[in-house]
Asker: 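Just passing along the structure, written as C-alpha cells.
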Amino acid sequence: MLIIITIKKKSKLLLLFILVYLFTSCLFLFVNKLNTSSYTTGDFTGSCQIVNDLKIDGDSFQATVRCSKEKFQLSYRIATEKEQNDLKQLQYGQFISVSGSLESPQVNRNQNQFNYKEYLQRQGINYILKTSTLQITPKATPSLLMRIQNLRLKLINHLTENISSKISPYCLALIAGDKNGFSLDIYEAYQQMGVVHLLAISGLHVNLLIAAIYFLLLRIGATRERTVLFLLAFLPLYVVLTGANAPVIRAATMTGLLLLSEKFVTKWSSFSIICISFILFFIIQPYVIYEVGFQLSYAVSFGIILSSRGILAKLQHPLSKSLAISFVSTMMSSIVMMYHFYSFSWVGIFFNLLYVPIFTIFILPGCFLVLLLSFTSSALLIIPEKLLTFFIQIIESTTNLFAKIPHQTIVTGRPTTTVLILLVIVVLLLFYQWQKKSFPVFLLICFACLCYISTFNFNGKVSFIDVGQGDSILIQLPRNQGNYLIDTGGQLPFVKEEWAIKKKPFTIGGSTLTPVLESKGISKLDKVIITHSDADHMEGLDDLQKNIAIKEIIFAKGAENKDIMKKALDSMPNIKQTIILAGAKWQVGDSTFECLYPNQEGEGGNNDSIVLKAKLDNKIWLFTGDLEASGEQAILNKEIKADILKVGHHGSKTSTSKAFIQKVKPALAIISCGVENRFGHPHEETLKTLEEENVSILRTDLAGEISYTFGKGFQTTIK
C-alpha cells in the first residue's frame, strides 16, 4: 500500500528508500537463515584446515579453521617455546589434528562492551574450538586465495627478520597491513592525536601506489589499455596481500571501477563509483556494514566526495583546502568513533595537516624503497635504512611530545539512539549550510552541546561492573554531581617467560574497566575508594589512572602498608590521598555516604575492608568489600539496616553470617564474582543463608554488569 501511495505521489526518493530497505531486510533474513551450525557444544576431536586469521601472540595461538565444511575459531595455549616456533611454520591450507571442546562465544558482560559472539557470527562462526592438544600434519591443500595469503605471511616474516626493528613496524603496517609491530605506547600516541589512520593502508595509500604503477608502466612503453588490464588484475591480488581490510577493499573497488569507466569510455562520477562499490561490497558480504573500518572508510569518503564541489571548490588556498578536508574527515568519522570507541580526537583536524604530507612524501615511499632494497644486497640497504630510521625517530619523538598536550580526546560515551540521530542530522546540516553559505558556527556549537549531553547523567546510576573475580562498583550521582568508583578489580600477576608474554596482555584496568567507564561518558572520577589492598580489588588502579583522571583516592588507615598499595600510591603522587576510618562522612545533594568500618588501623586485609553505607535514591546501600564474619560481628551494634547489600568477599562461606543478614535485613543482595571461578564463589552455604532470609540475589557471574538507575530500578546486561 505504501509503495502505491509513493508512486502516486511521484516520490522517487522515498520509493528508492523503501525498495533499498526491503532488499536489505530480505538479504539479511536470507543470510541469517543460512548462518546456522550442525554442531553443539561438547567434546571435539578431528582434523581441521587453517583458512584465515592465523595469529601467534606469546603463548596464544588462534586461527579460523574449517572442519567438515564449518568454520570454528580455534584457541590454543602454547606450552613451550619450541612448540611456538613449530606453529610459526604453519600456513593457510594446512591441516592440524586437534582435540578439545566446542564452546559458545561470550556475549558482552558489561553494557556497551564488545560482543564477541555477534562478531564471530558475522564471520560465519558459531563456536570456539578450545583446543587442549594440537598436532601438525603434513597434509595441505591450499586454495588460490590461501596461496596468496601465504605469500602475505612470507612478506610479513621477511619484513620482520630483514629490516631493522625501528622501521619494520611501519613497513608491516603500510605494506602488509599488519599493525601488530607497533609498541602500545607509540600506537596510543598516534591514536590520541587523531592520526592513527596513517598507520594503516587507506584509500590514499592505494591511490598513490596505483598512480605510481600506472605512470611507471606508461613510461616504459606499455599501452594505456594493457596498463588498465594489468591494474585490474593486480588490485584483487593487492587486496589479499594487504590483509583484505575494509578500507583497502573500498579503495581498490573504487579504483577498479574508475579504470573500467575509462576502458569503456563511460565516465562515472566519484559519487556514482562510491555508491556502486558500496552496493557490491554489501551484496557480497552483508555483515561488513557492522565493521568499524567499513563505516569509517565510507563515511569519510562520502563526506569528502560530497563536499568537493560545494565546499572545497570555494576554497582557493591549498592550506585552507587541506584544513577543510581534515575537518570534513574528522566530523564524518567522529560519530562512528563515538559509537564504537566512546571518544574522538579533535586535534587530528590540525595534526593531519602535518602528518599526512610526511607519511605521503617520506614514510610510505621510504618503506617501499627499503622493502625493494631488502631483496638485493645488504650494502645497498644500509644508507636508506639509516636515513629512514633517523627520520622515524624524529617523528616519534615529536609525536610523544605532542601526545602530552592535555584534552586532545573528547570522551562522549556511547550516545543514545536519540542523541546519535541528532548528531547525524546536525553534521549533515552543517555541511549543507557550509556549502550554501559561510561556515555555520551555530551548528558546530550544537554538535559540541550534543557531545556534552551524551556524557551528562540526568538520573543517577549505580553499576556493579563485571570485572571477573573481583569488585568494581561505579556510583554516578544525578546531574553529574560526582562519579565515585569503589574498587577497580584486578587479577593476580603471573610471571611468564619472555617468549610467552603477549604484545598487549589483557588487564582488568585497561581492557575492561577503562572502556566500560568511557562508554558511560566518564573521563574523570571524583573519588576512587579502595576498600582494601587485595589484587582483585585494586590491581586495576594502575591502568585506570593512565586513562581516566582521578581527583582523590580514599583508603583505610594501614592499607598503604601492603606492597601492592604502596607501589600504586607511589606511582601517582599528584593525586589527592585521603585516609579514613569509621565515622568519616560526606554528602552531595540528597546522597549521603558514611564509613562504618574499620575502627582502627589495619593491614589492608579482608577484615580491614572499608564498609560504606550510602543513601542513594532514597534507598540505603551497604558496600562491604571483602569483610568476613569477624568483621561483620564488629559492626552488628551499628545501624546497618539496608535495602541493598553488596555481599562481602564474593559470597564466600567465611562471610555473610546469619546474624549479619538478620541485622541488615536487605531486600536484595548483589554478589560480584567470576564465571566458574576457582574459589567456588559464591558458596552454597552463603546462598542458602540469603534464601532462608527471603533475600533476592543478583550475581555478576550469571547476569554480567548489574545496574540500578535512580527512579527506574535494576537492569542486568545478560538477560
Side-chain angles (χ1 to χ4, degrees), residues 44 46-100 102-103 105 116 119-120 122-161 168-169 171-173 175-182 200-201 237-246 248-249 285 291 293 499-506:
F44 179 91
S47 178
C48 301
Q49 185 183 33
I50 300 171
V51 295
N52 206 357
D53 290 333
L54 179 59
K55 296 176 185 175
I56 296 173
D57 186 9
D59 60 356
S60 172
F61 172 74
Q62 292 183 324
T64 302
V65 298
R66 184 184 291 117
C67 307
S68 301
K69 298 183 179 180
E70 187 161 336
K71 290 194 297 184
F72 300 127
Q73 180 65 33
L74 183 142
S75 175
Y76 176 66
R77 180 64 58 86
I78 303 171
T80 65
E81 186 174 8
K82 181 183 180 304
E83 185 180 28
Q84 184 197 59
N85 291 328
D86 291 339
L87 291 172
K88 284 181 178 179
Q89 306 307 312
L90 282 171
Q91 293 190 338
Y92 294 109
Q94 197 160 351
F95 283 82
I96 52 176
S97 294
V98 300
S99 63
L102 291 176
E103 300 179 0
Y116 191 48
Y119 170 78
L120 288 181
R122 290 164 185 167
Q123 315 300 315
I125 301 170
N126 291 284
Y127 290 105
I128 293 175
L129 177 51
K130 197 167 185 179
T131 307
S132 53
T133 61
L134 184 152
Q135 185 177 358
I136 301 171
T137 67
K139 182 181 177 183
T141 56
S143 63
L144 176 61
L145 178 62
M146 292 176 189
R147 292 180 189 275
I148 301 173
Q149 288 176 305
N150 288 332
L151 286 176
R152 180 171 182 259
L153 287 179
K154 290 179 181 178
L155 176 62
I156 290 173
N157 290 333
H158 176 82
L159 291 170
T160 304
E161 295 170 3
S168 63
C171 292
L172 285 167
I175 297 173
D178 184 355
K179 296 181 287 187
N180 294 320
F182 290 101
I201 298 173
L237 174 66
Y238 178 72
V239 167
V240 180
L241 280 174
T242 54
N245 294 318
V248 181
I249 297 175
Q285 195 178 344
E291 290 186 17
W499 68 267
I501 299 173
K502 294 182 180 181
K503 291 180 180 177
K504 186 180 178 182
F506 173 86

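The first residue in the sequence is number 1, and the count goes up from there. A quick note: this is a predicted structure, and the numbers were derived from the prediction, not measured.
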Asker: Would one find more than 12 heavy atoms of other residues, nucleotides or ligands at under 6.0 Å from atom OH of Y119?
Answerer: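 Count not over threshold, so no.
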Asker: To the nearest 0.5 Å, how far apart are CG in N245 and NZ in K179?
Answerer: 7.0 Å
Asker: My understanding is that only residues two or more places apart in sequence, or in another chain, count here; which of them pass side-chain hydrogen bond (donor to acceptor under 3.5 Å, both in side chains) with Q49?
Answerer: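 Counting only residues at least two positions away or on another chain, Q49 forms a side-chain hydrogen bond (donor to acceptor under 3.5 Å, both in side chains) with T141.
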Asker: Does C48 have any disulfide bond (SG atoms under 2.5 Å apart) partners at least two apart in sequence or in another chain, and if so, which?
Answerer: C67
Asker: Sub-3.5 Å donor-acceptor pair from the side chain of S132 to the main-chain atoms of S99, do we have one?
Answerer: yes
Asker: Is the shortest side-chain heavy-atom distance between F61 and L74 below 4.5 Å?
Answerer: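 In short, these two side chains touch, coming nearer than 4.5 Å.
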Asker: Distance from Q89 atom CD to I136 atom CD1, nearest 0.5 Å?
Answerer: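 Reported value, rounded in 0.5 Å steps: 8.5 Å.
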Asker: Any heavy-atom pair between the side chains of V240 and L145 that's under 4.5 Å?
Answerer: yes
Asker: Output all residues satisfying side chain to side chain contact (heavy atoms under 4.5 Å, CB included) with K502, sequence neighbours left out; order by chain, then residue number.
Answerer: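 For K502, the residues satisfying side chain to side chain contact (heavy atoms under 4.5 Å, CB included) (neighbours in sequence not counted) are D57, D59, S60.
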Asker: Q73: which residues meet the side-chain hydrogen bond (donor to acceptor under 3.5 Å, both in side chains) condition with it, sequence neighbours left out?
Answerer: T64
Asker: Tell me, please, which residues at least two apart from R122 pass side-chain hydrogen bond (donor to acceptor under 3.5 Å, both in side chains).
Answerer: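 Here the qualifying residues are E118.
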Asker: List the residues meeting side chain to side chain contact (heavy atoms under 4.5 Å, CB included) with T80, not counting sequence neighbours, and say none if there are none.
Answerer: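 If we apply the side chain to side chain contact (heavy atoms under 4.5 Å, CB included) test to T80, skipping adjacent residues, the hits are K82, E83.
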Asker: Could you tell me which non-hydrogen atom of P105 sits nearest to which non-hydrogen atom of Y127, and how far apart they are?
Answerer: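 Looks like CD-CA, 4.3 Å.
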Asker: Might you point out which heavy atoms bring G243 and R152 nearest each other, and give the distance in Å?
Answerer: N-NE, 3.3 Å
Asker: May I have all residue pairs that pass ring pair (Phe, Tyr, Trp, His ring centres under 6.0 Å) and include part of residues 73-97, sequence neighbours excluded?
Answerer: none
Asker: Could I get the full list of side chain to side chain contact (heavy atoms under 4.5 Å, CB included) partners for P142, not counting sequence neighbours?
Answerer: A140, M146, R147, N150
Asker: Please enumerate all residues that pass ring pair (Phe, Tyr, Trp, His ring centres under 6.0 Å) together with F44, with sequence neighbours excluded.
Answerer: F72
Asker: State, to 0.1 Å, how close L172 and G181 come at their nearest heavy-atom pair, and which atoms those are.
Answerer: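 For L172 and G181, the tightest heavy-atom pair comes out as CD1-CA, 4.5 Å.
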Asker: Rounded to the nearest 0.5 Å, what's the gap from CG on L54 to CD on Q62? Could you check?
Answerer: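 Atom-to-atom, L54:CG and Q62:CD are 10.5 Å apart.
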Asker: Starting at CG of L153, measure out to CG of L90 and round the result to the nearest 0.5 Å.
Answerer: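 Rounded to the nearest 0.5 Å, the CG-CG separation comes to 10.0 Å.
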Asker: Nearest 0.5 angstrom please: L87 CG to I56 CD1, how far?
Answerer: 5.0 Å
Asker: Sequence neighbours excluded, which residues qualify as side-chain hydrogen bond (donor to acceptor under 3.5 Å, both in side chains) partners of T137?
Answerer: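 Partners of T137 under the side-chain hydrogen bond (donor to acceptor under 3.5 Å, both in side chains) test: none.
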Asker: Evaluate T160 against S168 for side-chain hydrogen bond (donor to acceptor under 3.5 Å, both in side chains), listing each step before the verdict.
Answerer: CA-CA 6 Å; T160 304; S168 63; 6.0 Å; no
Asker: Sequence neighbours left out, what passes salt bridge (charged side-chain N to carboxylate O under 4.0 Å, His left out) with K154? Give chain and number order.
Answerer: none
Asker: Looking only at heavy atoms, which two atoms of S75 and I128 are closest? And how far apart?
Answerer: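 Nearest heavy atoms, S75 then I128: CB-CG2, 4.3 Å.
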Asker: Nearest 0.5 Å, what's the CG-CD1 distance between L155 and I175?
Answerer: 7.0 Å
Asker: For L151, check side chain to side chain contact (heavy atoms under 4.5 Å, CB included) against everything at least two apart and list the hits.
Answerer: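 Once residues adjacent in sequence are excluded, the partners of L151 under the side chain to side chain contact (heavy atoms under 4.5 Å, CB included) criterion are L241.
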Asker: Give the minimum heavy-atom separation between A176 and L159, together with the two atoms involved.
Answerer: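 Between these two residues, the closest heavy atoms are CB-CD1, 4.4 Å.
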